[in-house]
Asks: 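So that we are looking at the same thing, I have put the structure below in structure tokens.
What's counted below: heavy atoms across the whole structure, side chains too, no hydrogens, waters or symmetry copies. On a predicted model such as this, the values are computed, not experimentally measured, just so you know.
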Amino acid sequence: PISFKTGFKHDFGTSLSLKQSLWCGGRVINAYKVAKLYKKYANALVHQVEYNIVAAAEKLYHAAILTQSNYDVVLKAYEANSENLEVAQKLYDKGMISEYELLRAKVEKANLQPQLIQTESAVKLAQKDLKSFIGIPLDERIQLVDINSDVAVVENLKLDSLVAYAMENRPELKQAEYTTEMSRRAVSIMKADYYPKLEAVSSYNWNATSDQLSLSQNSTTSWSAGITVSIPIFKGGETRGNVKKYHAEYKQAEIDERDKRINLELEVEKAYDMLIEAKKSLDVQSETINQAEEGLRIANVRYESGVGTQLEVISAQSALTQARNSLAYAKYSFETAKSELKRVTTIEF
């Protein structure tokens, strides 16, 4: 037999290739801009959450103030009825009123005790809701300060200016604008498949052969570089279908943005009308409470002098209590309306 050797026992090799896109029909630059837009979208979403948190905290704060005001009103009524009972007891001892009137004064005072207990419990619950929302331990004591409602701020507000400010700064509208622009650029990305692609390519190869486990024998190296052009010819309608799909999403985004603008303008108008209505109610109640206090003073003087009746005092006291409750609720309505207007416009008063 005749034998001869071909090749080697061991073959070693490695290769490295690099590819860089030079032109993809605008796909890369549009994708980069979409990424930047999405970052802005995320920041606008953060601002939206911040405004909503502030608005919710303010509403809980004013709700706690309202319950505290209701408790103070009931407490004042209870103290007034206690004084009325003392006067009735003195008049009864002098024989100036009947036992029925004395019993009625006692009943009026007793009827306020359950209401006093309920409002005191409501104050504690409202404060716990507020502390829980803003992250204060529930067992920590807090003191809420009732602010004076500044109704003069409403006089400087113009609806057109508020709407324009909201259109420029509202986070939800910015999100809608970013979504529309991202959808438009997504269409451009899909259209890039219609165009040729230009790429720079390079490769490096190393090979070695030997009968022993050695990498230094019979080694060879080679490298290459060039430019490739890919021309799309037929994809079975895939590109056209993708373009139509993303174009429909772009049109839907435009419709959503338009609806968002309409709804935003409506929100601002509603919040503005609520604030104007709350201001008028607050102005009226501020005048009413002065009249009710004067009415109770006159009724007490008449009753202590033996001219008036206890029914007049009870009626005047009930009117004053109702006026105080209405004033507290008017303040609450005004402040919550102002908070809502601040939320829908992002304006700082």
Side-chain angles (χ1 to χ4, degrees), residues 61-127 141-152 277-337:
Y61 179 85
H62 295 311
I65 290 292
L66 176 62
T67 55
Q68 180 65 51
S69 299
N70 290 337
Y71 173 76
D72 294 338
V73 169
V74 176
L75 182 61
K76 289 179 180 179
Y78 183 79
E79 293 173 350
N81 281 341
S82 299
E83 295 176 359
N84 183 43
L85 177 59
E86 293 178 0
V87 174
Q89 184 66 52
K90 292 178 181 180
L91 295 177
Y92 175 77
D93 294 339
K94 295 179 180 179
M96 299 177 64
I97 62 173
S98 64
E99 184 179 1
Y100 169 76
E101 291 190 58
L102 179 62
L103 291 175
R104 185 168 185 175
K106 292 181 180 180
V107 170
E108 288 291 332
K109 178 182 177 181
N111 285 339
L112 286 176
Q113 289 179 345
Q115 190 175 355
L116 190 62
I117 296 173
Q118 292 175 359
T119 52
E120 184 178 9
S121 177
V123 170
K124 294 179 181 179
L125 291 176
Q127 290 189 2
R141 293 180 59 85
I142 61 175
Q143 182 178 2
L144 302 181
V145 179
D146 188 6
I147 60 176
N148 293 324
S149 298
D150 184 13
V151 296
E277 181 182 351
K279 175 188 177 299
K280 293 179 180 179
S281 177
L282 184 58
D283 292 338
V284 171
Q285 294 301 327
S286 299
E287 297 177 0
T288 301
I289 197 168
N290 294 329
Q291 298 172 356
E293 289 175 348
E294 180 63 17
L296 179 61
R297 186 190 68 80
I298 295 174
N300 284 330
V301 171
R302 284 171 54 82
Y303 185 61
E304 292 175 2
S305 302
V307 178
T309 63
Q310 189 184 59
L311 182 60
E312 293 179 356
V313 176
I314 295 175
S315 178
Q317 178 61 49
S318 177
L320 178 58
T321 300
Q322 183 177 357
R324 285 171 174 170
N325 280 327
S326 298
L327 178 61
Y329 187 77
K331 284 185 176 181
Y332 169 77
S333 299
F334 179 80
E335 293 300 330
T336 53

Asks: May I ask you to test the Leu311-Arg104 pair for a side-chain heavy-atom distance under 4.5 Å?
Replies: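 Contact flag for Leu311/Arg104 side chains = yes.
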Asks: Would you confirm whether Ser281, through its side chain, and Glu277, through its main-chain N or O, come within 3.5 Å as a donor-acceptor pair?
Replies: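 It does not hold such a pair.
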Asks: Nearest 0.5 Å, what's the OH-CD distance between Tyr61 and Glu335?
Replies: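 That separation rounds to 9.5 Å.
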Asks: Out of curiosity, Leu75 CG to Asn70 CG, how far, rounded to the nearest 0.5 Å?
Replies: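 Going from the CG atom of Leu75 to the CG atom of Asn70 covers 12.5 Å.
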Asks: Kindly indicate, with the supporting measurements, whether the criterion side chain to side chain donor-acceptor pair (under 3.5 Å) is fulfilled by Gln322 and Ser326.
Replies: CA-CA 6 Å; Gln322 183 177 357; Ser326 298; 5.1 Å; no
Asks: How far apart are the closest heavy atoms of Ile289 and Ala323, and which atoms are they?
Replies: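 Nearest pair, atom of Ile289 first, then Ala323: CA-CB, 4.2 Å.
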Asks: Can you tell me if Ser82 and Glu86 form a side-chain donor-acceptor pair at under 3.5 Å?
Replies: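 No - no donor-acceptor pair under 3.5 Å links their side chains.
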Asks: Does the Ser121 side chain pair with the main chain of Ile117, one donor and one acceptor, at a distance under 3.5 Å?
Replies: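 Not at all, since once roles are kept as given, no pair shorter than 3.5 Å links the two residues.
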Asks: Give the intermediate values and the outcome of side chain to side chain contact (heavy atoms under 4.5 Å, CB included) for residues Arg324 and Glu293.
Replies: CA-CA 10 Å; Arg324 285 171 174 170; Glu293 289 175 348; 4.1 Å; yes
Asks: Flag the pair Asn111 / Val107 as yes when at least one side-chain heavy-atom distance between them is below 4.5 Å, and no otherwise.
Replies: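 A side-chain contact under 4.5 Å exists here.
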Asks: Can you give me the closest heavy-atom contact between Ser286 and Leu327, atom names plus distance?
Replies: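 Shortest heavy-atom contact: OG-CD1, 3.8 Å.
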Asks: Is Ile314 close to Tyr303 at the side-chain level, that is, under 4.5 Å between some pair of heavy atoms?
Replies: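 Heavy-atom side-chain distance check fails, nothing below 4.5 Å.
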Asks: Rounded to the nearest 0.5 Å, how far does CD1 of Ile65 lie from CG of Leu144?
Replies: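 Rounded to the nearest 0.5 Å, the CG-CD1 separation comes to 4.5 Å.
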Asks: Rounded to the nearest 0.5 Å, what's the gap from NZ on Lys94 to CD on Gln89? Could you check?
Replies: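 The distance works out to 12.0 Å.
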Asks: Could you work out, with salt bridge (charged side-chain N to carboxylate O under 4.0 Å, His left out) as the rule, every residue matching Glu101, not counting sequence neighbours?
Replies: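 For Glu101 there are no salt bridge (charged side-chain N to carboxylate O under 4.0 Å, His left out) partners, ignoring immediate neighbours.
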Asks: Check for a donor-acceptor pair, side chain of Thr119 on one end and backbone N or O of Leu116 on the other, with a separation under 3.5 Å.
Replies: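 Yes.
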Asks: For Gln115 and Val74, work out which heavy atoms get closest and say how close.
Replies: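 Nearest heavy atoms, Gln115 then Val74: NE2-CG2, 3.6 Å.
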Asks: For the backbone of Ala64 and the side chain of Thr67, can you confirm whether one donor and one acceptor N or O come within less than 3.5 Å of each other?
Replies: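 Yes: the side chain of Thr67 pairs with the backbone of Ala64.
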Asks: First locate atom NZ of Lys106, then atom CG of Asn84, and finally report the distance between them rounded to the nearest 0.5 Å.
Replies: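 Lys106 atom NZ to Asn84 atom CG measures 13.0 Å (nearest 0.5 Å).
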Asks: Just verifying a value: how many Å separate His62 NE2 and Ser69 OG, rounded to the nearest 0.5 Å?
Replies: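 Answer rounded to 0.5 Å: 11.5 Å.
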Asks: Does the pair Asp72/Lys76 count as a salt bridge with the N-to-O cut at 4.0 Å?
Replies: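 Looking at Lys76 together with Asp72, the answer is no, because their closest N to O distance does not fall below 4.0 Å.
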Asks: To check you understand the geometry: which heavy-atom pair defines the closest contact between Gln317 and Ala80, and what is its length?
Replies: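 Looking at all heavy atoms of both residues, the closest pair is OE1-CB, 3.0 Å.
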Asks: For the residue pair Lys331 and Leu282, what are the closest heavy atoms and their distance?
Replies: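 So the minimum-distance heavy-atom pair works out to CG-CD1, 3.7 Å.
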Asks: Just so I know, are the side chains of Val87 and Glu83 near enough to count as touching, which here means a heavy-atom distance under 4.5 Å?
Replies: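 A side-chain contact is absent here, since even the closest heavy-atom pair is not under 4.5 Å.
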Asks: Which atom pair, heavy atoms only, marks the closest approach of Ala105 to Leu85?
Replies: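 Answer, listing the atom of Ala105 first, then Leu85: CB-CD1, 3.8 Å.
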Asks: Side chains of Glu108 and Leu112: does their closest heavy-atom pair fall under 4.5 Å?
Replies: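 Side chain of Glu108 against side chain of Leu112, heavy atoms only: no contact under 4.5 Å found.
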Asks: Can you sort out the partners of Ser315 under side-chain contact (heavy atoms from CB on, under 4.5 Å), two or more places apart, ordered by chain and number?
Replies: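 So Ser315 forms no side-chain contact (heavy atoms from CB on, under 4.5 Å) with any residue.
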Asks: Testing the 3.5 Å rule here: is there a donor-acceptor pair between the side chains of Asn290 and Glu294?
Replies: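 Note: Asn290 and Glu294 side chains miss the donor-acceptor criterion.
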Asks: Can you name the one residue among Lys280, Gln285, Lys279 that meets side-chain hydrogen bond (donor to acceptor under 3.5 Å, both in side chains) with Asp283?
Replies: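 The residue from Lys280, Gln285, Lys279 that satisfies side-chain hydrogen bond (donor to acceptor under 3.5 Å, both in side chains) with Asp283 turns out to be Lys279.
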Asks: Checking Asn300 side chain against Leu296 main chain: does a donor-acceptor pair fall under 3.5 Å?
Replies: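 Yes: the side chain of Asn300 pairs with the backbone of Leu296.
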